[in-house]
Amino acid sequence: MREVVAACDALIEREPDLVPALTRRAVDLVTTALMYLDDSSGNLGDDLRALMAVHARACAAAAPDRKRLAAWLVKVRLDGPGWPDFELRDYAAALGAKGCAELARLVEGRARTADPGGHGMVSFGVLVLREQLAEISGDLDHYVAVPEFVKVSETSGC
């Protein structure tokens, strides 16, 4: 995986439009493989985070479809096994306002159908994405309100 990370990182300079799709495919394949491997050392997880970082840089360089990128990031965070981990701040430039708005729309849609008790991977992922969206928006009031909103949404069934 480290060779793939290095090759894709170098390819960003020469063929930036190719790298988002290549790294996305690699992330999907590694995520699937990790469900059947022992990574108790955490080395593969670290390599997967490095691959996500290259994907984020590639997306910033190549400007992929923002709505598709938002949908994939939501899928990775909410529908996967809990990895790969990523930070939305790394994707902020690639997402832009349009992609962030789409991501927020998708997150809120998933929040409405998440476990009403607020437990589980989807509820946790929704909280993480809401916090990170608030962070990249720069809206401190929104960031502070995220945990309150999650609590209200979970108890009201919204």
Side-chain angles (χ1 to χ4, degrees), residues 1-39 41-111 114 121-147 149-150:
M1 189 169 9
R2 291 179 186 148
E3 291 176 13
V4 171
V5 169
C8 287
D9 198 29
L11 193 57
I12 292 173
E13 297 300 318
R14 295 188 316 269
E15 298 286 341
D17 292 340
L18 297 177
V19 183
L22 289 172
T23 51
R24 178 180 166 171
R25 178 74 174 137
V27 165
D28 290 342
L29 289 171
V30 171
T31 299
T32 300
L34 273 172
M35 292 192 297
Y36 305 100
L37 298 172
D38 175 20
D39 187 32
S41 68
N43 291 332
L44 295 174
D46 291 343
D47 292 343
L48 186 54
R49 278 187 288 284
L51 187 58
M52 286 296 290
V54 170
H55 180 261
R57 286 193 300 279
C59 287
D65 181 284
R66 293 170 181 208
K67 286 186 172 189
R68 287 186 60 204
L69 176 59
W72 183 73
L73 291 171
V74 168
K75 178 181 180 272
V76 165
R77 175 69 73 194
L78 302 182
D79 296 337
W83 62 83
D85 196 19
F86 62 89
E87 297 291 327
L88 280 182
R89 77 174 77 91
D90 297 339
Y91 287 94
L95 287 166
K98 183 179 179 180
C100 287
E102 177 67 6
L103 200 141
R105 185 188 72 74
L106 293 170
V107 168
E108 294 315 310
R110 293 296 298 274
M121 291 300 292
V122 172
S123 293
F124 177 74
V126 165
L127 175 62
V128 168
L129 288 173
R130 283 176 170 164
E131 287 176 345
Q132 291 184 12
L133 279 164
E135 176 192 358
I136 64 176
S137 76
D139 184 347
L140 183 60
D141 292 332
H142 184 117
Y143 185 79
V144 170
V146 166
F149 184 76
V150 171

#### Entry: Heavy-atom side-chain proximity of Phe86 to His55 below 4.5 angstrom
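No - every pair of side-chain heavy atoms lies 4.5 Å or more apart.
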#### Entry: Evaluation steps, side-chain contact (heavy atoms from CB on, under 4.5 Å), between Ile12 and Asp9
CA-CA 5 Å; Ile12 292 173; Asp9 198 29; 3.9 Å; yes
For residues [X] and [Y], report the shortest heavy-atom separation together with the two atoms involved.
X      : Y      : answer
Leu95  : Leu73  : CD1-CD1, 4.2 Å
Leu133 : Ala104 : CD1-CA, 3.7 Å
Pro20  : Pro16  : CD-O, 3.1 Å
Asp85  : Arg49  : O-CG, 3.8 Å
Ala60  : Ala94  : N-CB, 3.7 Å
Tyr91  : Cys59  : CE2-SG, 4.4 Å

### Task
Answer yes if the side chains of Asp28 and Trp72 hold a donor-acceptor pair under 3.5 Å, and no otherwise.
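A donor-acceptor contact under 3.5 Å links the two side chains.
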#### Entry: Test: Asp79 and Arg110 ion pair at under 4.0 Å
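Answer for the salt bridge query: yes.
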#### Entry: N-O pairing of Glu102 and Arg66 below 4.0 Å
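No, Glu102 and Arg66 are not salt-bridged.
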Rounded to the nearest 0.5 Å, how far does [atom2] of [Y] lie from [atom1] of [X]?
X      : Y      : atom1 : atom2 : value
Leu34  : Trp83  : CG    : CH2   : 6.0 Å
Met52  : Asp90  : CE    : CG    : 8.5 Å
Glu15  : Leu22  : CD    : CG    : 10.5 Å
Leu51  : Thr23  : CG    : OG1   : 6.0 Å
Leu127 : Glu131 : CG    : CD    : 4.0 Å
Leu106 : Glu108 : CG    : CD    : 10.0 Å

### Test side-chain contact (heavy atoms from CB on, under 4.5 Å) applied to Glu135 and Leu88, step by step
CA-CA 9 Å; Glu135 176 192 358; Leu88 280 182; over 6 Å; no
### Query
Would Gln132 and Ile136 count as a side-chain contact (heavy atoms from CB on, under 4.5 Å) if you check the C-alpha gap in whole Å, the side-chain angles of each, and the deciding distance to 0.1 Å?
CA-CA 6 Å; Gln132 291 184 12; Ile136 64 176; 5.8 Å; no
#### Entry: Under 3.5 Å: donor-acceptor pair, side chain of Arg24, backbone of Leu69
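Such a contact is absent between Arg24 side chain and Leu69 backbone.
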### Query
Ignoring hydrogens and geometry, is there a side-chain-to-backbone donor-acceptor pair from Asn43 to Asp47 under 3.5 Å?
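No, Asn43 side chain to Asp47 backbone: no donor-acceptor pair under 3.5 Å.
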#### Entry: Verdict with supporting geometry, Leu44 and Val30, side-chain contact (heavy atoms from CB on, under 4.5 Å)
CA-CA 9 Å; Leu44 295 174; Val30 171; 5.9 Å; no
